[in-house]
Number of protein chains: 2
Amino acid sequence: MPRAADPTVAASLVEAAARLLATEGPAALSTRRLAREIGASTMAVYTHFGGMDDLVRAVVRAAFDHLAAELDRVPVTDDPLTDLAQLGLAYRRNALADPHLYLAMFGPHPDLPYQPTEADRVHGLRTFTTLVQAVQRCLDADPLAPAAGTPDAAGRIAAQVWAAAHGAMTLELAGFLDDDGATFTATTLAVLVGVGLLPDNPSQ
Amino acid sequence: MPRAADPTVAASLVEAAARLLATEGPAALSTRRLAREIGASTMAVYTHFGGMDDLVRAVVRAAFDHLAAELDRVPVTDDPLTDLAQLGLAYRRNALADPHLYLAMFGPHPDLPYQPTEADRVHGLRTFTTLVQAVQRCLDADPLAPAAGTPDAAGRIAAQVWAAAHGAMTLELAGFLDDDGATFTATTLAVLVGVGLLPDNPSQ
DNA sequence: CACGATACATAGCACCGTTATAACCATGGG
DNA sequence: CCCATGGTTATAACGGTGCTATGTATCGTG
């Protein structure tokens with residue numbers, strides 16, 4: 001066996017890329033800048049990753065893992081509807097904490113040198129399972145809900161909740177909303193009411 | 001007076017940029033490529049626009065105008081709920097017709113040399129008025145709707161509908177959904193039910 | 001210990017956006 | 001009618017990008 005690659009170099013690259021993306025935006029992501037940042041040459045990007053796009057891919061996957069961990073930190077209580085609300089807030093908090101990274105997660109990304117592959121999407125959908133489970137707990141707690149019993153009800157409802165939250169989040173980050181998350185919560189709540197998981201006149 | 005700028009050159013640049021963006025993606029947008037495309041030098045981008053970013057800005061504004069025209073083409077009938085559904089379908093059709101352009105409209109865009117300004121957002125929100133008017137017609141037709149009467153009900157509801165549609169559209173374009181628009185229609189319908197514009201058990 | 005495969009550094013290629021310079025040319029004033 | 005004015009345009013260059021070819025250093029194995 002030949003010389004082994006220094007795993008700390010790869011980790012440093014991912015860390016530096018995520019940090020530069022967060023603090024200076026995608027424009028700061030360049031092989032030379034990264035090399036300078038970690039005290040190596042630009043070749044490090046090509047030996048440890050195939051190129052710039054695979055490095056960004058690793059950053060995005062790490063971002064999905066981070067989001068999944070944040071969502072898993074939301075405690076599971078005996079009120080699954082409150083759990084769902086907390087998941088939504090955690091989702092928005094994660095996006096606001098690092099908008100560039102959040103936007104990088106949801107390609108196709110015009111100018112980031114990264115086009116998500118099918119494997120990337122499968123990996124990203126893993127984050128989705130926490131939400132599906134929470135929806136399933138809501139359906140279990142309320143067997144009279146209209147959707148309960150239909151095939152893959154939890155998955156389909158979770159997809160709608162995710163779409164609503166993601167849409168409001170994207171519009172907010174783009175600057176089209178300026179309501180401190182009011183549309184975010186209103187939209188996700190409206191979806192929950194619409195699918196029958198929340199009563200028409202929620203007391204909260 | 002000196003030599004006047006040829007307006008056809010500016011129009012050709014916007015047309016070529018939109019075409020290249022649609023057919024080859026944002027990576028094909030370069031001053032040299034555009035100059036070759038319209039048979040001029042790269043300076044054309046800088047005399048007619050301030051630079052690459054202002055050219056993309058013009059393309060995005062044209063895209064918003066195109067979307068607004070598409071939405072305005074949806075006929076106004078005596079069934080405002082059907083009108084809303086048709087607006088949603090037109091919105092999705094427009095996005096699927098040119099995904100790159102659609103994504104370019106909703107910055108902040110990582111790698112496109114274009115950061116939307118406040119003026120751009122105001123311009124983009126003009127597209128929004130058609131949706132707000134359709135929601136208002138729904139509220140007028142159903143004075144018993146829960147939200148009717150609250151301040152700016154149409155605007156707030158329209159924002160939620162837009163967020164839901166945009167979120168489902170973005171996820172679909174990113175490849176996270178593969179259901180031919182099922183989540184798109186389900187999410188927007190759920191929001192309409194949630195805000196009280198549609199009955200719980202829509203007959204359709 | 002020596003071999004060979006691999007990590008890494010250097011230098012270079014083709015491309016990018018942008019800009020300085022100079023030539024061009026349509027126009028308004030004399 | 002002619003000419004000076006000044007924006008338009010082309011050319012060339014600067015610093016930057018991703019990436020690759022080449023050479024060297026370094027490690028794991030036999």
Side-chain angles (χ1 to χ4, degrees), chain A residues 1-18 20-21 24-60 100 104 107-117, chain B residues 1-18 20-21 24-60 100 104 107-117:
Chain A
M1 273 297 176
R3 177 181 182 178
D6 186 355
T8 65
V9 174
S12 300
L13 278 174
V14 173
E15 182 275 330
L20 287 178
L21 186 60
E24 306 185 31
L29 283 188
S30 76
T31 57
R32 287 166 177 80
R33 175 68 187 274
L34 285 168
R36 200 180 339 130
E37 207 75 22
I38 70 168
S41 80
T42 63
M43 276 303 296
V45 175
Y46 297 90
T47 55
H48 291 270
F49 305 88
M52 202 60 198
D53 51 348
D54 278 336
L55 173 56
V56 176
R57 172 167 288 108
V59 173
V60 167
H100 287 302
H109 250 259
D111 206 19
L112 262 184
Y114 157 67
Q115 290 298 325
T117 65
Chain B
M1 272 297 175
R3 176 181 185 179
D6 187 354
T8 64
V9 174
S12 301
L13 278 175
V14 173
E15 183 275 329
L20 286 178
L21 187 60
E24 306 185 31
L29 283 188
S30 77
T31 57
R32 287 166 177 80
R33 175 67 187 275
L34 284 168
R36 202 182 335 133
E37 207 75 21
I38 70 168
S41 81
T42 63
M43 276 302 296
V45 175
Y46 295 90
T47 56
H48 292 270
F49 305 87
M52 202 58 197
D53 51 348
D54 277 336
L55 172 56
V56 176
R57 173 166 287 108
V59 172
V60 167
H100 286 301
H109 250 257
D111 207 19
L112 262 185
Y114 157 66
Q115 291 298 324
T117 66

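Below, chains carry the letters A, B, ... as their sequence lines are ordered, and counting in each starts from 1. Keep in mind that this is a model prediction, so the values were computed, not measured.
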Atom [atom1] of [X] to atom [atom2] of [N]: distance rounded to whole Å?
X       : N      : atom1 : atom2 : result
B/Arg33 : D/dT17 : CZ    : P     : 24 Å
A/Met52 : C/dC16 : CE    : C1'   : 15 Å
B/Leu29 : C/dC15 : CG    : P     : 17 Å
A/Leu34 : D/dC19 : CG    : P     : 12 Å

_From CD (B/Glu37) to CG (B/Leu20), nearest 0.5 Å_ =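 Rounded to the nearest 0.5 Å, the CD-CG separation comes out at 4.5 Å.
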
*How many angstroms lie between CZ in A/Arg36 and CZ in A/Arg32, if you round to the nearest 0.5 Å?*
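These two atoms lie 10.0 Å from each other.
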
*With a 4.5 Å limit on heavy-atom distance, are the side chains of B/Leu55 and B/Leu34 in contact?*
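A side-chain contact under 4.5 Å exists here.
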
_If you define the side chain from C-beta out and look only at heavy atoms, does anything of B/Ile38 sit under 4.5 Å from B/Glu15?_
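They are not in side-chain contact.
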
*Can you check whether any acceptor in the base of C/dG17 is under 3.5 Å from a donor in the side chain of B/Arg32, or vice versa?*
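Yes, a donor-acceptor pair under 3.5 Å.
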
*Between B/Pro26 and B/His100, what is the shortest heavy-atom contact and its length?*
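Taking B/Pro26 first and B/His100 second, the nearest heavy atoms are CD-ND1, 3.7 Å.
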
*Enumerate the residues from residues 35-51 of chain A whose closest heavy atom to DNA chain D is under 4.0 Å, giving them by residue number; use none for an empty result.*
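Result for residues 35-51 of chain A: A/Met43, A/Tyr46, A/Gly51, sorted by number.
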
_Those residues that, when tested against B/Thr117, pass side chain to side chain donor-acceptor pair (under 3.5 Å) (two or more places apart)_ =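 Per chain and number, B/Thr117 pairs via side chain to side chain donor-acceptor pair (under 3.5 Å) with B/Asp120.
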
